[in-house]
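Below: the structure, in structure tokens.
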Amino acid sequence: MAALLAARQVTVILRQPPGERLTDLETWIGPSGVLHAPGSLYDSDQFSGTPFNGLVLRPFVSSAEEALGWGWTFGTLLLVAVLAVVAARAVPQPVSRRTALLAVPVAICLLMLSLPVRNTLHLGQTSIIPVLFVLLGCFAVRGERSSGVLIGVGAAFQPTVLLFAPLLWLTGRRRAAVATGATFAGCTALAWAALPEDSWTYWVREIVGAGLSVNPDELANQSLHGALLRFGLSGPAEWALFLVLAAAVVVVGVRRAVRYARDGQLLLAVAVTGCVAVVVSPTAWQHQLLWVLLAVVGRVGRRAADRPVWPVTVVLVMTLPTKMLLPNTLVLQPVRENVILITALAAACFVPFLSRTSPFYGAPTPTRYAAPVPARWRWVPLVPFWRRVLSRPNLLLELLLIRVGYSAYSKVRLAAASGRDTAEAHGEQVHSIEKALFLDVEHWLNHKVVDTPWLEAFFNFYYTSFHFPVPLLVLGLLYVRRPVDFRWARTALGFATVLALIGFWLYPLAPPRLMPGLGFVDTIHGVQDFSKPDYGTLTALTNQYAAMPSLHFGWSLWCGVVIVILAPKAWLKVVGALHPALTVLVIIGTANHWVLDIVGGAAVVAAGFGLGYLFAGPRARGVGGTDDPVRIPGQHGPRQALSGVGASGAAEPSGPSSGPKD
């Protein structure tokens with residue numbers, strides 16, 4: 001697995017043009033790099049590391065450029081692999097056999113895919129070295145002095161690593177703490193003797209390198225100092241506030257790290273201390289944020305269902321761009337701009353990681369499962385361990401997954417765009433098939449709508465207003481009132497959407513409104529330039545040829561099916577059935593879809609429900625027709641217990657006659 005990921009990363013990097021890979025390394029060591037130029041390292045904005053960093057890199061200036069690029073890339077990958085092995089072996093005990101087997105490959109995958117490692121490989125940075133030296137010093141080498149020497153060298157590369165000295169001192173490793181400080185002082189003195197002017201510039205004039213960056217308020221600087229600058233603060237007031245807040249974070253964070261270290265969770269203590277270093281560093285660029293990923297080892301939550309929330313959040317934050325995590329809205333902009341900083345601050349000061357002495361550390365409250373419902377075929381469910389869960393899923397985790405899933409859907413939908421000629425050729429195919437089957441009613445209905453102004457206005461409003469809110473409303477109501485059915489319905493919707501993306505990729509199709517010569521009228525956007533079709537404000541973000549299958553109809557059909565099955569009132573079932581029927585008229589009348597697109601949308605929704613049934617079996621049902629243990633609107637009396645679930649919440653064995661009947 002490590003070899004495959006390494007090959008993938010090397011291929012991505014080395015296939016780039018020479019001027020676009022290892023850009024930082026080139027500006028340092030290249031023929032015209034700052035290490036070649038006479039004078040100070042900091043005469044330009046191309047070098048912002050410590051003077052010791054520059055001193056260590058100087059011997060590489062005589063290396064051949066191509067050989068150095070290959071060696072640097074493979075050397076970085078080797079360091080990442082070593083870092084993953086050390087971190088995986090340091091996971092707090094006890095661990096299950098599965099965790100012991102998968103810890104190393106999972107750690108390698110997460111590190112390789114994380115933004116800091118990808119950024120380091122792209123830029124040619126040294127930011128992995130301090131993290132590796134700290135982990136080696138804490139977990140690999142024998143002897144406190146050797147441990148301190150390694151951590152001290154890491155601090156010479158990244159000064160905030162000195163925060164590990166108080167951690168060592170307060171946890172009884174005082175020789176290691178002294179060795180850390182002495183080694184850091186020695187390396188800094190060596191650099192000061194070799195590069196006195198550069199050392200004065202870095203440590204005194206620029207206040208530990210904080211002023212060396214041209215734009216410290218950039219989004220890439222995920223430190224508390226960078227966030228305050230982005231909020232509009234500057235000057236002495238900003239520095240005073242930063243120092244006060246940084247001191248508070250150091251006190252709280254280091255105290256927490258000491259507590260976790262004494263509790264036997266040294267890797268978590270290292271991660272918390274590293275997160276403190278990220279927050280209080282004057283500049284914490286993306287390639288320096290690997291500490292945050294290590295915080296994934298912390299256990300949070302008393303319920304087994306809540307355990308994935310923290311690790312999933314950390315992994316998403318450290319592997320995906322922020323625009324995939326949060327929508328670009330004014331209200332969420334401060335969070336979106338500082339999401340990694342917020343995660344680091346939360347890990348350092350706020351997240352209530354469980355102590356190993358807690359009864360919930362190794363045995364969280366188990367998840368409640370429904371008794372299996374008999375299926376029509378013996379081989380269903382195909383995945384026997386995929387059981388129907390009774391408890392309500394964690395809201396934060398669901399929102400994260402929905403947001404990331406929709407962002408991935410949007411990106412794939414856009415990436416599936418094909419050329420205009422191919423899409424129009426497929427449009428001709430669909431139109432010909434419909435004429436042969438006498439289904440080509442699009443032109444007639446479109447012009448009927450155009451000739452009826454009030455109907456055109458209503459159809460345009462319905463098309464632009466109900467596509468997203470109705471599915472979100474249905475999901476929200478299910479989450480609150482019927483959590484068991486929420487999981488069942490959400491799974492079907494996810495499968496249907498993934499299948500639709502495959503359709504967009506394999507069969508790009510021009511909708512009727514983008515077919516020249518057929519006389520369709522785009523009632524929503526007006527007359528189109530077929531070479532550059534307009535889809536309103538989302539033109540640049542939308543695949544104009546993602547028409548087959550129609551998710552506009554597919555999502556409405558999903559809403560209709562869910563409402564008809566689960567709604568407690570007859571009139572609600574009628575409303576649910578009307579929504580997809582009206583959507584059919586709207587998407588055809590506005591010339592946005594063909595009739596066969598609707599057939600495709602229905603097919604992927606049916607397949608979505610079918611795959612859910614195939615993998616997990618029939619949805620959980622209750623005694624007496626009650627579909628969910630949560631109270632249903634209009635239902636009186638006590639909640640009905642699900643068949644096969646005892647007082648402890650665990651599923652009890654059920655005989656052939658004990659399960660619910662269809």
Side-chain angles (χ1 to χ4, degrees), residues 413 416-452 455-456 458-460 462-464 466-467 496-497 499-531 533-535 542-561 577-610:
R413 189 174 187 265
S418 185
R420 174 187 173 188
D421 294 338
T422 302
E424 289 181 0
H426 291 163
E428 293 287 353
Q429 292 176 2
V430 169
H431 193 224
S432 299
I433 294 172
E434 290 188 354
K435 286 194 294 185
L437 298 175
F438 302 102
L439 297 176
D440 55 328
V441 299
E442 296 91 352
H443 189 275
W444 171 81
L445 182 57
N446 176 237
H447 282 264
K448 284 292 184 183
V449 171
V450 172
D451 293 338
T452 312
L455 187 60
E456 179 182 359
F458 173 71
F459 275 21
N460 291 348
Y462 202 94
Y463 182 86
T464 56
F466 287 83
H467 181 40
T497 303
L499 293 174
L501 289 177
I502 297 174
F504 299 156
W505 192 283
L506 297 178
Y507 198 77
L509 174 64
R513 68 183 183 87
L514 296 183
M515 288 296 293
L518 296 184
F520 288 98
V521 178
D522 188 344
T523 64
I524 298 176
H525 307 107
V527 179
Q528 295 291 301
D529 177 359
F530 294 111
S531 62
D534 182 17
Y535 203 67
T542 306
N543 176 7
Q544 310 295 321
Y545 303 124
M548 171 64 80
S550 169
L551 273 187
H552 215 107
F553 171 72
W555 287 0
S556 70
L557 179 62
W558 173 86
C559 293
V561 171
L578 284 177
H579 178 52
L582 190 55
T583 301
V584 169
L585 298 176
V586 168
I587 62 178
I588 294 178
T590 57
N592 276 282
H593 281 286
W594 305 96
V595 171
L596 290 183
D597 296 345
I598 297 167
V599 177
V604 296
V605 170
F609 283 107

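Taking N446 as the reference, nothing meets the side-chain hydrogen bond (donor to acceptor under 3.5 Å, both in side chains) condition, with sequence neighbours excluded. Under the rule for a side-chain hydrogen bond (donor to acceptor under 3.5 Å, both in side chains), the partners of Q429 that lie at least two apart in sequence or sit in another chain are Y507. Residues passing the ring pair (Phe, Tyr, Trp, His ring centres under 6.0 Å) test with H447, sequence neighbours excluded: H443.
Between the CG atom of L455 and the NZ atom of K448 there is a distance of 11.0 Å, given to the nearest 0.5 Å. Separating the CD1 atom in I502 from the OG1 atom in T497 is a distance of 11.5 Å, to the nearest 0.5 Å. To the nearest 0.5 Å, atom CG of residue D522 and atom CZ of residue R513 are 5.0 Å apart. Taken to the nearest 0.5 Å, the OG atom of S550 stands 11.5 Å off from the CG atom of L596. To the nearest 0.5 Å, atoms CD (E442) and CG (D597) are separated by 8.5 Å.
In this structure, H426 and P508 approach most closely via the heavy-atom pair ND1-O, 2.6 Å. When all heavy atoms are compared, the tightest approach of P549 to G601 is CB-N, 3.3 Å. Scanning all heavy atoms of the two residues, the minimum distance from P580 to S556 falls at CA-OG, 3.6 Å. Heavy-atom minimum distance, V604 versus A500: CG1-N, 4.2 Å. Heavy atoms only, all atoms of each residue included: L585 and F459 are closest at O-CE2, 3.4 Å.
Two residues are said to be in side-chain contact when any heavy atoms from C-beta on lie closer than 4.5 Å; I587 and Y463 meet this criterion. You'll find the side chain of H593 stays beyond 4.5 Å of the side chain of M548, heavy atoms only.
H579 and Y462 are linked by a side-chain donor-acceptor pair at a separation below 3.5 angstrom, with hydrogens and angles left out of the test.
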Stepwise side chain to side chain contact (heavy atoms under 4.5 Å, CB included) check, L551 with F504: CA-CA 10 Å; L551 273 187; F504 299 156; 4.2 Å; yes
Candidate pair H552 and N592, rule side chain to side chain contact (heavy atoms under 4.5 Å, CB included), full reasoning: CA-CA 10 Å; H552 215 107; N592 276 282; over 6 Å; no
Check against side chain to side chain contact (heavy atoms under 4.5 Å, CB included), V595 and I588: CA-CA 7 Å; V595 171; I588 294 178; 3.8 Å; yes
Audit row: H431, W594, side chain to side chain contact (heavy atoms under 4.5 Å, CB included) steps and yes/no: CA-CA 8 Å; H431 193 224; W594 305 96; 3.6 Å; yes
